[in-house]
S.K.: 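Got a structure for you, written out below as structure tokens; questions coming shortly.
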Amino acid sequence: MNPIENTIKIGRNETVEFLTEVDELIYFAKICVAFANTYGGSIFIGVNEKGKLMGVNPEPELRLITEVHEFIDGQLNIETVVHLVKHYCIIEVKVAKADIPLLIKRNEGTKVFYYRVESNTVEANKIIERYLNIRRFAKVVEQSKLHSDYLDKLGENESNLSLLYKVMDLKPNEVDKITAELIFLEQIKVQLVDKKFYFSRLKS
């Protein structure tokens with residue numbers, strides 16, 4: 001089994017996504033931005049969500065892919081590679097992690113962040129938005145006693161925002177700020193449960 005087949009067999013995850021085709025360019029753009037804002041990753045076009053090889057006609061797909069930048073605010077770095085896997089033509093779009101987080105442009109003129117959580121491409125909530133803005137504006141965050149006290153109270157449990165507001169002896173805005181800073185400091189991981197964001201302490 002070649003490396004591409006093995007990657008596809010493992011399935012969708014934080015850095016791998018499957019599309020049968022690029023039928024909605026804005027959806028494709030959201031996946032690209034989510035990968036760029038998280039760890040980077042690869043989108044395999046010509047593979048269904050269960051990992052079944054479907055194949056694509058590469059020419060129209062490659063043309064569409066070049067138009068993705070129209071929906072994005074920021075520098076998206078992608079590389080496309082065409083693979084032949086078991087006689088199926090598969091396009092791999094390699095998305096590099098962005099040093100400066102990217103946003104999706106909406107029709108009404110607003111711009112929003114997208115982020116990758118496990119195998120989900122999601123619109124950033126206010127915590128993730130704060131975290132991405134720390135990176136976007138190159139803010140300096142240093143570990144403090146406040147961060148350590150927060151982590152001690154958080155413990156090993158997963159908490160959503162409502163629980164955090166109850167547990168922490170801080171104003172909601174301060175909870176938002178510290179949570180975002182701890183994600184930046186790689187002390188907290190983000191999970192998605194029933195479409196809700198949960199935060200938990202990373203084990204050292």
Side-chain angles (χ1 to χ4, degrees), residues 7-19 22 24 26-45 47-51 68 71-74 76-78 92-106 110-136 139 141 147 150-151 154-165 167-168 172 175-204:
T7 299
I8 292 171
K9 186 178 179 180
I10 291 168
R12 299 166 59 247
N13 56 45
E14 210 159 30
T15 59
V16 173
E17 184 58 278
F18 303 146
L19 289 177
V22 184
E24 290 185 39
I26 184 65
Y27 178 64
F28 175 71
K30 288 175 182 178
I31 299 170
C32 288
V33 163
F35 276 152
N37 287 345
T38 315
Y39 303 113
S42 287
I43 306 164
F44 291 92
I45 302 166
V47 182
N48 73 12
E49 63 177 15
K50 294 182 179 179
V68 71
F71 297 91
I72 298 170
D73 179 8
L76 175 69
N77 293 313
I78 59 174
E92 180 184 5
V93 181
K94 298 179 181 180
V95 182
K97 180 178 178 178
D99 293 329
I100 301 174
L102 314 179
L103 296 109
I104 287 287
K105 301 174 187 175
R106 286 184 167 168
T110 59
K111 298 174 184 178
V112 293
F113 288 114
Y114 277 79
Y115 196 69
R116 190 78 174 175
V117 182
E118 295 154 355
S119 60
N120 303 286
T121 292
V122 292
E123 184 176 330
N125 72 346
K126 59 184 178 178
I127 302 292
I128 303 300
E129 186 175 334
R130 274 181 178 260
Y131 155 67
L132 291 171
N133 274 319
I134 290 171
R135 284 174 46 194
R136 186 174 174 82
K139 296 179 180 178
V141 178
H147 292 119
Y150 178 106
L151 288 170
L154 179 61
E156 301 295 334
N157 298 322
E158 297 174 358
S159 299
N160 61 20
L161 270 182
S162 298
L163 290 170
L164 288 176
Y165 292 153
V167 171
M168 302 301 166
V175 171
D176 295 348
K177 178 177 180 291
I178 295 169
T179 306
E181 289 175 349
L182 286 166
I183 295 170
F184 178 77
L185 292 168
E186 299 181 347
Q187 304 271 333
I188 282 181
K189 67 177 177 180
V190 183
Q191 294 170 284
L192 202 68
V193 181
D194 295 329
K195 298 183 179 180
K196 287 185 178 180
F197 285 94
Y198 280 75
F199 308 91
S200 59
R201 184 173 184 169
L202 274 170
K203 295 177 181 178
S204 55

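Sequence positions, counted from 1, serve as the residue numbers for this chain. Just so you know, these numbers use all the heavy atoms, side chains as well, and skip hydrogens, waters and symmetry mates.
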S.K.: How many angstroms lie between CZ in Phe44 and CG in Leu19, if you round to the nearest 0.5 Å?
M.R.: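 If I round to the nearest 0.5 Å, the distance is 11.5 Å.
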S.K.: Within the supplied structure, the quantity of interest is the number of heavy atoms (other residues, nucleotides, ligands) at a distance under 6.0 Å from Tyr165 OH; does it exceed 12?
M.R.: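 Yes, the 6.0 Å shell around OH holds more than 12 heavy atoms from other groups.
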S.K.: At what distance, to the nearest 0.5 angstrom, does CZ of Phe28 lie from CD of Glu17?
M.R.: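 Result: 11.0 Å between the selected atoms.
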S.K.: Can you tell me how far the CG atom of Leu154 sits from the CZ atom of Arg201, to the nearest 0.5 Å?
M.R.: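 Leu154 atom CG to Arg201 atom CZ measures 7.5 Å (nearest 0.5 Å).
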S.K.: Please report the C-alpha distance between Leu151 and Ile188 in whole Å, then the side-chain angles of each, then the deciding distance to 0.1 Å, and finally whether the side chain to side chain contact (heavy atoms under 4.5 Å, CB included) criterion is met.
M.R.: CA-CA 9 Å; Leu151 288 170; Ile188 282 181; 4.0 Å; yes
S.K.: Could you tell me if the side chain of Lys139 sits less than 4.5 Å from the side chain of Phe184, heavy atoms only?
M.R.: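 No, their side chains stay 4.5 Å or more apart.
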S.K.: If you take all heavy atoms of Ile43 and Cys32, which pair is closest and at what distance?
M.R.: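 What the structure gives for the nearest pair is CD1-SG, 3.8 Å.
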S.K.: Between Tyr114 and Glu123, is the side chain to side chain contact (heavy atoms under 4.5 Å, CB included) condition met? List the steps.
M.R.: CA-CA 4 Å; Tyr114 277 79; Glu123 184 176 330; 3.7 Å; yes
S.K.: Nearest 0.5 Å, please: how far is CD1 in Ile127 from CG in Leu161?
M.R.: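 Output value for this atom pair is 4.5 Å.
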S.K.: Give a yes or no answer on whether the side chain of Asn125 reaches the backbone of Ile128 with a donor-acceptor pair at less than 3.5 Å.
M.R.: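 Yes; judged by distance alone, with no hydrogens or angles, the pair exists.
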S.K.: Going by heavy atoms in the side chains, are Met168 and Leu164 under 4.5 Å from each other?
M.R.: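 Yes; the side chains approach each other to less than 4.5 Å.
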S.K.: Just how far is it from atom OG of Ser42 to atom CD1 of Ile31, taken to the nearest 0.5 Å?
M.R.: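 Going from the OG atom of Ser42 to the CD1 atom of Ile31 covers 12.5 Å.
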S.K.: Minimum heavy-atom separation for Arg136 and Phe113, please, with both atom names.
M.R.: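 Arg136 and Phe113 have their closest heavy atoms at CD-CZ, 3.9 Å.
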S.K.: Measuring only between side-chain heavy atoms, which start at C-beta, is Leu76 closer than 4.5 Å to Val33?
M.R.: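 No; the side chains remain at least 4.5 Å from each other.
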S.K.: Answer yes or no: is there a donor N or O on one side and an acceptor on the other, between the side chain of Arg130 and the main chain of Thr179, under 3.5 Å?
M.R.: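 Such a contact is absent between Arg130 side chain and Thr179 backbone.
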S.K.: Look at atom CD of Glu118 and say whether more than 12 heavy atoms of other residues, nucleotides or ligands are closer to it than 6.0 Å.
M.R.: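 Yes.
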S.K.: For atom CD1 of Ile26, is the number of surrounding heavy atoms from other residues, nucleotides or ligands below 6.0 Å larger than 12?
M.R.: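 It does: Ile26 CD1 has more than 12 such atoms within range.
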S.K.: Between Leu192 and Tyr198, does the side chain to side chain contact (heavy atoms under 4.5 Å, CB included) criterion hold? Intermediate values first, please.
M.R.: CA-CA 6 Å; Leu192 202 68; Tyr198 280 75; over 6 Å; no
S.K.: Heavy-atom count around Asp99 CG within 6.0 Å, excluding the residue itself: above 12?
M.R.: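 12 or below, so no.
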S.K.: Report, as yes or no, whether the 6.0 Å neighbourhood of atom NZ on Lys111 holds more than 12 heavy atoms from other residues, nucleotides or ligands.
M.R.: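 Counting other residues, nucleotides and ligands, NZ of Lys111 stays at 12 neighbours or fewer.
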S.K.: Can you confirm whether Phe197 sits close enough to Asn160 that some side-chain heavy atom of one is under 4.5 Å from a side-chain heavy atom of the other?
M.R.: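 Not touching, per the 4.5 Å side-chain cut-off.
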S.K.: Going by heavy atoms in the side chains, are Leu102 and Asn37 under 4.5 Å from each other?
M.R.: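 Yes, close enough: below the 4.5 Å cut-off.
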S.K.: Would a 4.5 Å heavy-atom cut-off, applied to side chains only, mark Thr121 and Arg116 as touching?
M.R.: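 They are in side-chain contact.
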S.K.: Considering all heavy atoms of both residues, which atom of Glu14 and which atom of Phe35 are nearest to each other, and what is their separation?
M.R.: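 Distance-wise, the nearest heavy atoms are O-CE2, 3.1 Å.
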S.K.: Please report the shortest heavy-atom distance between Ser200 and Gln191, naming the atom on each side.
M.R.: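 Looking at all heavy atoms of both residues, the shortest contact is OG-OE1, 3.4 Å.
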S.K.: In terms of ring plane angle, is the pair Tyr115 and Tyr131 parallel, tilted or perpendicular, where the classes change at 30° and 60°?
M.R.: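 If you compare the ring of Tyr115 with that of Tyr131, the planes turn out perpendicular.
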S.K.: Hey, mind stepping through Leu103 and Ile72 against side chain to side chain contact (heavy atoms under 4.5 Å, CB included) and telling me if it holds?
M.R.: CA-CA 6 Å; Leu103 296 109; Ile72 298 170; over 6 Å; no
S.K.: Tell me the salt bridge (Lys or Arg N to Asp or Glu O under 4.0 Å) pairs involving residues 175-200, sequence neighbours left out?
M.R.: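 Residue pairs passing salt bridge (Lys or Arg N to Asp or Glu O under 4.0 Å), neighbours aside: Lys126-Asp176, Lys177-Glu181.
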S.K.: Looking at CD of Gln187 and NE2 of His147, how far apart are the two atoms once the value is rounded to the nearest 0.5 Å?
M.R.: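 NE2 of His147 is found 9.0 Å from CD of Gln187.
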